[in-house]
Amino acid sequence: MIPFNRPYLTGKETHYIYEAVNSGKLSGNGMFSKRCQSFFENEYGFKKCLLTTSCTDALEMAAILCGIEFGDEVIIPSYTFVSTALAFVRQGAKIIFADSMSNHPNIDVDTIESLITSRTKVIVPVHYAGVACDMTKLMALADKYGLLVVEDAAQAIDSFYTKPINISGNQKKSALGSIGHFGCFSFHETKNIISGEGGMLAINDERFIERAEVIWEKGTNRAQFFRGEINKYGWVDIGSSFLPSEVIAAFLWAQIENMSLIQGRRIDIWNRYYEGLKELASNNQILLPTDLGYSTNNAHMFYLICPSIFIRTRLIEFLKTNDVFSVFHYISLHNSLYYKEKHDGRVLKNCDMFSDCLIRLPMYNELTNEEIDFVVSKVYEFFVETQQI
Ligand SMILES: *Cc1c(COP(=O)(O)O)cnc(C)c1O
């Protein structure tokens with residue numbers, strides 16, 4: 001059987017957990033948390049990183065920091081995970097869903113300006129499959145209308161926007177998650193770098209750092225207290241317990257140490273799928289991921305686009321009968337049970353197309369070349385057979 005995902009362990013996880021346990025400090029914001037945070041700040045140019053218990057939590061922190069109030073509007077792609085919207089809905093925001101591009105699941109930045117009103121406060125680009133949204137255009141819009149940008153970079157660790165960006169005269173670094181005011185990452189076991197459940201908020205605008213530390217620790221000024229800046233800590237703001245324990249951070253550190261190994265293998269897998277399926281795509285049987293020309297690929301996932309939901313359903317079934325587990329992805333949020341009554345009725349046809357036609361193939365570090373070739377051969381076999389009907 002070839003599963004869809006298998007969490008990859010570097011072998012050092014339990015060693016560092018043992019070290020954390022023996023250090024006698026198990027709650028959050030200890031040595032391992034700081035080590036992980038510093039690594040990300042130095043490696044990717046985020047101004048300040050705070051580990052969280054999930055990307056959902058990082059998004060919730062961002063929503064609080066953006067100062068969302070009841071009725072504020074937040075522009076989000078409909079083709080995304082629920083947390084992208086949920087974090088803002090909890091703060092009272094009205095979600096305005098944008099469509100995907102026709103050739104990529106990412107938000108179609110050209111449709112955003114027509115969605116901006118006097119109530120719009122935030123845009124949330126989601127870098128689907130670790131591939132960058134068009135951040136030059138998006139940041140220019142945010143600048144023009146005075147909006148905040150929260151990058152949902154849950155899938156985008158170690159991926160880069162490759163064009164230079166100029167915001168209000170400042171040249172910005174280009175790691176995904178470092179371009180907007182905030183970047184939110186996930187270390188869920190289905191992502192590239194994992195800690196079971198886990199996440200991180202990257203704060204790129206200095207104005208928000210102090211308040212972020214308060215919100216992170218239940219609305220208290222503990223961080224200042226431990227730095228000796230005040231003699232007593234107290235309750236000063238809203239917040240929650242957003243920080244993970246040292247056990248989680250220790251696990252994450254083992255993954256971070258092996259980042260280039262993990263990423264290298266994933267990229268090899270991705271390229272092997274791509275090469276293997278190229279011919280099928282050139283015969284117009286399927287579409288392969290489009291290279292948008294302004295992003296690196298962190299090989300978070302390998303997907304293809306089938307001609308219809310009917311064919312996709314049958315392909316998933318066919319692969320399953322051959323012991324290969326493939327999955328579809330998001331159901332458009334504007335059609336979800338929770339949100340469809342609140343949506344303004346606009347048809348988001350590209351998003352619906354990806355909901356119907358996108359299929360993800362097995363992708364994990366221990367997938368062997370033989371297994372990849374087997375999956376590829378089965379995809380070919382399926383299309384040869386369906387053509388004959
Ligand atoms: C995985 C994911 C999330 C949620 O991450 P958690 O760490 O599970 O909360 C949010 N947004 C996107 C785009 C994701 O892929």
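Because only heavy atoms are used, hydrogens play no part in the values below, and waters and symmetry mates are left out as well, while side chains stay in. When a ligand or atom number is given, it counts from 1 through the structure's own listing order.
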Report summary line: Residue set satisfying side chain to side chain contact (heavy atoms under 4.5 Å, CB included) with Lys320, at least two apart, ordered chain then number -> Glu317, Phe325
Requested in this report: Among Ile123, Ile112, Ile116, find the one that has a side chain to side chain contact (heavy atoms under 4.5 Å, CB included) with Tyr145.
Outcome: Ile116
Report summary line: Residues pairing under ring pair (Phe, Tyr, Trp, His ring centres under 6.0 Å) where one sits in residues 268-292, two or more places apart or in two chains, turn out to be Trp270-Tyr274, Trp270-Phe302, Tyr273-Phe302
Query raised in the report: When you measure from the side chain of Glu246 to the backbone N and O of Ala20, does any donor-acceptor pair fall under 3.5 Å?
Result: no
**Report entry** Counterpart residues, salt bridge (Lys or Arg N to Asp or Glu O under 4.0 Å), relative to Glu189 (two or more places apart)
**Finding:** none
Could you go through ligand 1 and list every pair where one of its N or O atoms sits under 3.5 Å from a protein N or O, giving the atom names and the distance to one decimal?
| residue | atom | partner | partner atom | Å |
| --- | --- | --- | --- | --- |
| ligand 1 | 5 (O) | Ser186 | OG | 3.4 |
| ligand 1 | 7 (O) | Cys55 | N | 2.8 |
| ligand 1 | 7 (O) | Ser186 | OG | 2.7 |
| ligand 1 | 9 (O) | Cys55 | N | 3.3 |
| ligand 1 | 9 (O) | Thr56 | N | 2.8 |
| ligand 1 | 9 (O) | Thr56 | OG1 | 2.5 |
| ligand 1 | 11 (N) | Asp152 | OD1 | 3.3 |
| ligand 1 | 11 (N) | Asp152 | OD2 | 2.8 |
| ligand 1 | 15 (O) | Gln155 | NE2 | 2.8 |
| ligand 1 | 15 (O) | Lys191 | NZ | 3.3 |
| ligand 1 | 15 (O) | Tyr330 | OH | 3.4 |

Query - Distance (rounded to the nearest 0.5 Å) between Leu9 CG and Ile194 CD1 - result: 6.0 Å
